[in-house]
Amino acid sequence: MASQYNPQDIEEKWQKHWEKIGIHRADNDSKKPKFYSLVMFPYPSGDLHMGHMRVYTISDVISRRMRMLGHNVLNPMGWDAFGLPAENAAIKHSKHPEKWTKENIRFMRDEQLKKLGTSYDWQREVTTCDQDYYGWTQWLFLKFFNKGLAVRKEAAVNWCPDCHTVLANEQVEDGACWRHPETRVEQKKMSQWFLKITDYSEELLKDLDTLTGWPEPVRIMQQNWIGKSTGAELRFVVESKPNVQISVFTTRPDTVFGVSYVVLAPENPLVQELTTADRLEAVNKYIDDTLHKTELERMSTEKSKSGVPIGSFVLNPFNGDVVPIWVADYVLMNYGTGAVMGVPAHDDRDFQFAKQHNLPIKEVISKDGQASPELKEAYTESGKMINSAAFNGLDSETAKEKMTDWAADHACGSKRVQWRLRDWLISRQRYWGCPIPLVHCESCGIVPVKEADIPVKLPIEGVVITGQGGSPLSSDESFLKTPCPSCGKEASRETDTMDTFIDSSWYFLRYADASNKEEAFSRAAVDYWMPVDQYVGGVEHAILHLLYSRFFTKACRDVGLLKASEPFENLLSQGMVTKFSAQSGRIEKMSKSRGNVVGTTDFFKRYGADSARLFTLFAAPPEQELEWSEEGAIGQYRFLGRIWRIVSELIENGVVAPFDGDVNQEKLDASGKAFHKLVHKTIKAVTHDLNRGRYIFNTAIARCMELVNGMYKYAQELSGKSVEGNGNGKTEKPVGDQPNTLAPRGEKLSQEERDLFSFAVKSLLLVLSPMAPHITEELWQRVGYIKKEGDSIHITAWPAFTDALTIDDEIELVLQVNGKIVNKVAAQRGLEKTVAEGLALNDEKVKSKIDGQSIRKVIVVPDKLVNIVI
RNA sequence: GCCUUUGUAGCAGAACGGUAUAUGCAGCUGUCUCAAAAACAGCAGUUUGAAGGUUCGAAUCCUUCCGGAGGCACCA
């Protein structure tokens, strides 16, 4: 009898063996076509669970299959190892962040990722908190600095009181810190370092169109984030102070004849300048009130539109109307010019505001060019111009341009493009990050550290992390004091560290050349590997990491470091893994805090990594959510057990042996032919499902299951024949001392039947091997394919299929009358249309349905159906 | 409020505008067993969220509505 399938006996053995023979190493100099397969590297938080494993499994299957297709595959792994949790853990366990991080990395690498059976090239491992990584991060920063892409500006920035640091706009969600949804960020005015991502706004937007290998939703999210709006800047002269103008940005210059007021943001300095004495008290009170509102209160669209007039008026340059200036908090200081023109008739917010404060509503555009008796709501579409003097009758889209031109001609406005994207704030007042390599010198100002003096090392010894009172770097004299690189006088280092998103914005470049001691990466290496052919990661990075990395790639290109303009050619956003949580009583994202995690170690021990891999691939298509189910996962274990049993018995019974050739189809009986076709159909289907960009693993596995089911059936049929010739579909009772076997005995079969089994087993193992790498390798060896040390199923060529053998000769022809199915008949494939039609018209059931009525039309779909319309 | 996405047996999921259901889980029956488990063999189940429309023919395309998921949100 065959031995029991026991993953523990085989998985670790092969993992070690693969590492030893080095089949996962990428070659920087190869004749094969390159394939760069990348998965978003993890933050080493300590313990991965089954939910995390999904992304690594998906990416690994893609990598393994591309190797079998003859590619030189780069499949690297590393650690996004700087960040706040290390500091928090340090405070909690009084363990240095570096120690904590390194311990986590060891566990996650050796006990989790390796035991999943991933095929990484560990020689290229990168750890962002290592000097030989962050030194190059600093080096890149200096390149950007020298190119004017890194600048220091005073700005209102987001401060998270929990993290004790500032955050970039992208890291604030609903007015709260992305790490602490319960913590409201505060606005502080600070002088900080920024990377000028806005220099690339236009290109970042435009190139989204070239990213056809990205999911549409991600592209749309980036597009919205960049937020380009085209319109005009119009200038309104203040009536009482003709030398002062209020600039407004509008996307609707065509509505300018409908302006009935102008609004300033409370923070706009013009408010102070233009408020008249009699309004001063009211205006100051209003501003004071708004400043005490939370960001959320201010942003709420539900609430009414508050505001007060400031007493001054402006002149509408188009028609000379004198309209009041108001201050209102629905206008934001940090977008556009901090002032808007109020056109109640054609903007929802302005309409609401005007209704509330009894301001005139003047219609200047209507659908048909006719004025409406009374507007019940703002008309925000385009239409025909009315009440707009010389522009009357024009289509409003045309008027937009003409009126902008008019404004330019009369020196009261111009065309303007406004972006939502802001510069990337990268300073962090934290310890566990990459030090910004700059020096503040009293005489020379801000001076970059010399390239030769990089890395600026993060002090490790004697650092005390309390989480209070600023970064430990600012109180570490040995770090702080340094001679000025320019004049040599005593100066002090910048104590801010960089946002950790910088570390992850270029790690994929370092993988290309990870052990380079001279440069961050060699031009030849990155130009060879970049762009990444297939990136896999969670959709939570749709904006943050993916936008930053795109920016970094373009900036590196412009600094002359590489050729590529876009880092990631194809992107797969896998769905999250969920599980029922007893805490909440709901199905939720698998996470520690929700108490619904499934650990890896225990599962690997009981059912093996192959079962875990198969389940996560099988239970849902990759981009959809996946609900973890213990029963479902065990089902995959059962499936692997079925493969193990049948293949083992076929080997033991002398049926299956190494096979390299074609099965002689002619010498097989009907069920042999059918099974032979099933094998070819399976190869075709799995090949198709795993093809680049498709990656529908769930159906691929289902096809493998069909093949295994077919193999059982065929084996049983042949063993029935070989025992007693009983073909009734029931399992034979053991006869005498003969055990109850699944597989026939080899000597009872013909050569062709044995070949067929050998071919079927070989094909099954090959197409399943990227998904279940251990069991397939073990059985591959047991069949006898591994002859010398370097052999492996994983570097064997992907199997081919014969298309002719994937097509059935006989088909079932569906006969319809008026689109309703009346009968199904067996027919030869490839019937002439007229023959098929005749077949249908002569069918008894069809005839009785037609019942002598006249036929209006006959539709024939070849090899599918005939529809008779009466 | 706007945008994206999704709704198919009890559950997870298949299905170029052409037979609604591959595959797994759960369920039921049988073989084996003293019995059970395991294994093996087999069975059953929905008319595709709802209503319209286009079509010879709609799960698939269009419209409206209902439900789920995600994103954006006084961005002028």
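Letters A, B, ... are given to chains in the order of the sequence lines, protein chains preceding strands, and every chain is numbered from 1.
Taking atom P in both B:A14 and B:G52, one finds a spacing of 28 Å when rounded to whole Å. Atom P of B:U23 sits at a distance of 14 Å from the matching atom of B:A15, rounded to the whole Å. B:C40 sits 25 Å from B:U21 when the C1' atoms are compared, rounded to a whole Å. Annotation: B:C25 and B:U63 have their P atoms spaced 40 Å apart (nearest Å). Nucleotides B:A38 and B:A50 are separated by 46 Å at their C1' atoms, to the nearest Å. Atom name P, nucleotides B:C61 and B:C43: the rounded distance is 34 Å, in whole Å. The P atoms of B:U8 and B:U47 are separated by 13 Å, rounded to the nearest whole Å. Comparing B:G13 with B:U46, their C1' atoms are spaced 14 Å from each other, to the whole Å.
The residue among A:Met576 and A:Asp347 whose nearest nucleotide of RNA chain B lies closer to the 5′ end is A:Met576.
Applying the side chain to side chain donor-acceptor pair (under 3.5 Å) criterion to A:Gln418, with sequence neighbours excluded, gives A:Arg416. In terms of the side-chain contact (heavy atoms from CB on, under 4.5 Å) criterion, residue partners of A:Glu381 (sequence neighbours excluded) are, by chain and number, A:Tyr379. In this structure A:Asn224 satisfies the side chain to side chain donor-acceptor pair (under 3.5 Å) test with no other residue, sequence neighbours excluded. By the salt bridge (charged side-chain N to carboxylate O under 4.0 Å, His left out) test, A:Arg638 pairs with no residue at all, sequence neighbours left out. Residues passing the side-chain contact (heavy atoms from CB on, under 4.5 Å) test with A:Val55, sequence neighbours excluded: A:Val39, A:Val536, A:Gln574. By the salt bridge (charged side-chain N to carboxylate O under 4.0 Å, His left out) test, A:Lys579 is found to be paired with no residue, residues two or more places apart in sequence or in another chain being considered.
Here B:A76 presents its P atom at 16 Å from CE of A:Met333, a figure rounded to the nearest Å. Nucleotide B:C74 holds its P atom 11 Å from the CG atom of A:Asp329, rounded to whole Å. Look at CE on A:Met711: it is 18 Å from C1' on B:A41, rounded to the nearest Å. To the nearest angstrom, P of B:G71 lies 18 Å from CD1 of A:Ile226. At whole-Å resolution of the value, CD in A:Gln4 and C1' in B:A37 are 13 Å apart. One interatomic measurement links the two molecules: NZ of A:Lys305 to P of B:A76, which rounds to 14 Å at whole-angstrom precision. Going from atom CG of A:Leu640 over to atom P of B:G24 covers 13 Å, rounded to whole Å. As rounded to whole Å, 12 Å separates atom C1' of B:G70 from atom NZ of A:Lys589.
Contacts of A:Arg638 with the nucleic acid, taken as non-hydrogen atoms under 4.0 Å apart, involve only primed sugar atoms and P, OP1 or OP2. Counting any heavy atom pair closer than 4.0 Å across all strands shown, A:Phe639 reaches no nucleic acid atom. The residue A:Gly635 sits close only to the backbone: its heavy atoms come under 4.0 Å of sugar-phosphate atoms, none of a base. Among the atoms of the strands shown, only primed sugar atoms or phosphate atoms (P, OP1, OP2) are found under 4.0 Å from some heavy atom of A:Thr251. Nucleic acid contact class of A:Asn709 (heavy atoms, under 4.0 Å, all strands): sugar-phosphate only.
Distance from the side chain of A:Val331 is smallest to B:A76 among B:A76, B:C74, B:U23. Relative to the side chain of A:Val814, the nucleotides B:U19, B:A26, B:A76 differ in distance, and B:U19 lies closest. Proximity note for A:Tyr335 (side chain, C-beta onward) versus B:A41, B:A26, B:A76: the nearest is B:A76. Listed nucleotides: B:A41, B:A73, B:A76. Nearest to the side chain of A:Ser229: B:A76. Distances were taken from every side-chain heavy atom of A:Ile220 (C-beta onward) to each of B:U19, B:C3, B:A76; the shortest belongs to B:C3. For A:Met221, the side-chain atoms get nearest to B:G71 when compared with the rest of B:G71, B:A20, B:A26.
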*Please assess A:Trp628 against A:Phe603 for the test ring pair (Phe, Tyr, Trp, His ring centres under 6.0 Å), listing each intermediate value before the final yes or no.*
CA-CA 12 Å; A:Trp628 181 268; A:Phe603 190 91; 5.5 Å; yes

Which pairs of donor and acceptor atoms, one on a side chain in residues 696-705 of chain A, lie under 3.5 Å apart (sequence neighbours left out)?
from, atom 1, to, atom 2, distance (Å)
A:Thr699, OG1, A:Asp689, OD2, 2.7
A:Thr699, OG1, A:Ile696, O, 3.1
A:Arg703, NE, A:Glu706, OE2, 3.3

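Phosphate contact (OP1/OP2 of B:U4, side-chain N/O of A:Arg219, threshold under 4.0 Å): absent. An OP1 or OP2 oxygen of B:A41 is reached within less than 4.0 angstrom by no side-chain nitrogen or oxygen of A:Tyr712. Between A:Arg642 and the phosphate of B:A41, there is a side-chain N or O to OP1/OP2 separation shorter than 4.0 Å.
Helical stems in RNA chain B, defined as runs of 3 or more consecutive Watson-Crick or G-U wobble pairs with donor-acceptor distances under 3.5 Å: B:1-7 with B:66-72, B:10-12 with B:23-25, B:27-31 with B:39-43, B:49-53 with B:61-65.
For the pair A:Lys305 and A:Tyr330, the cation-pi criterion (under 6.0 Å, within 45° of the ring axis) is fulfilled. Note that A:Arg642 lies in the cation-pi zone of A:Tyr712, set by a 6.0 Å cut-off to the ring centre and a 45° limit from the axis.
If you check distances only, the side chain of A:Glu812 does reach the base of B:U19 with a donor-acceptor pair under 3.5 Å.
Salt-bridge annotation for A:Glu588 and A:Arg594: present, with a side-chain N of the basic residue lying under 4.0 Å from a carboxylate O of the acidic one.
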*Determine, for nucleotides 7-16 of chain B in 5'-to-3' order, which nucleotides have protein heavy atoms under 4.0 Å from the base (write B), from only the sugar-phosphate (write S), or from neither (write -).*
-----SSS-B

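Between A:Phe639 and A:Phe618, the ring center distance fails the sub-6.0 Å criterion.
Residue pairs meeting the salt bridge (charged side-chain N to carboxylate O under 4.0 Å, His left out) criterion with at least one partner in residues 624-635 of chain A, sequence neighbours excluded, do not occur; the list is empty. Within the structure, salt bridge (charged side-chain N to carboxylate O under 4.0 Å, His left out) contacts touching residues 247-262 of chain A (residues at least two apart or in different chains) are A:Arg252-A:Asp254.
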Do any N or O atoms of the protein come closer than 3.5 Å to N or O atoms of nucleotides 53-56 of chain B, and which pairs are they?
from, atom 1, to, atom 2, distance (Å)
B:C56, OP1, A:Lys857, NZ, 3.4
B:C56, O2', A:Asn867, ND2, 3.4
B:C56, O2, A:Asn867, ND2, 2.4

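Nearest heavy atom pair, residue A:Val259 against residue A:Val323, reads O-CG1, 3.6 Å.
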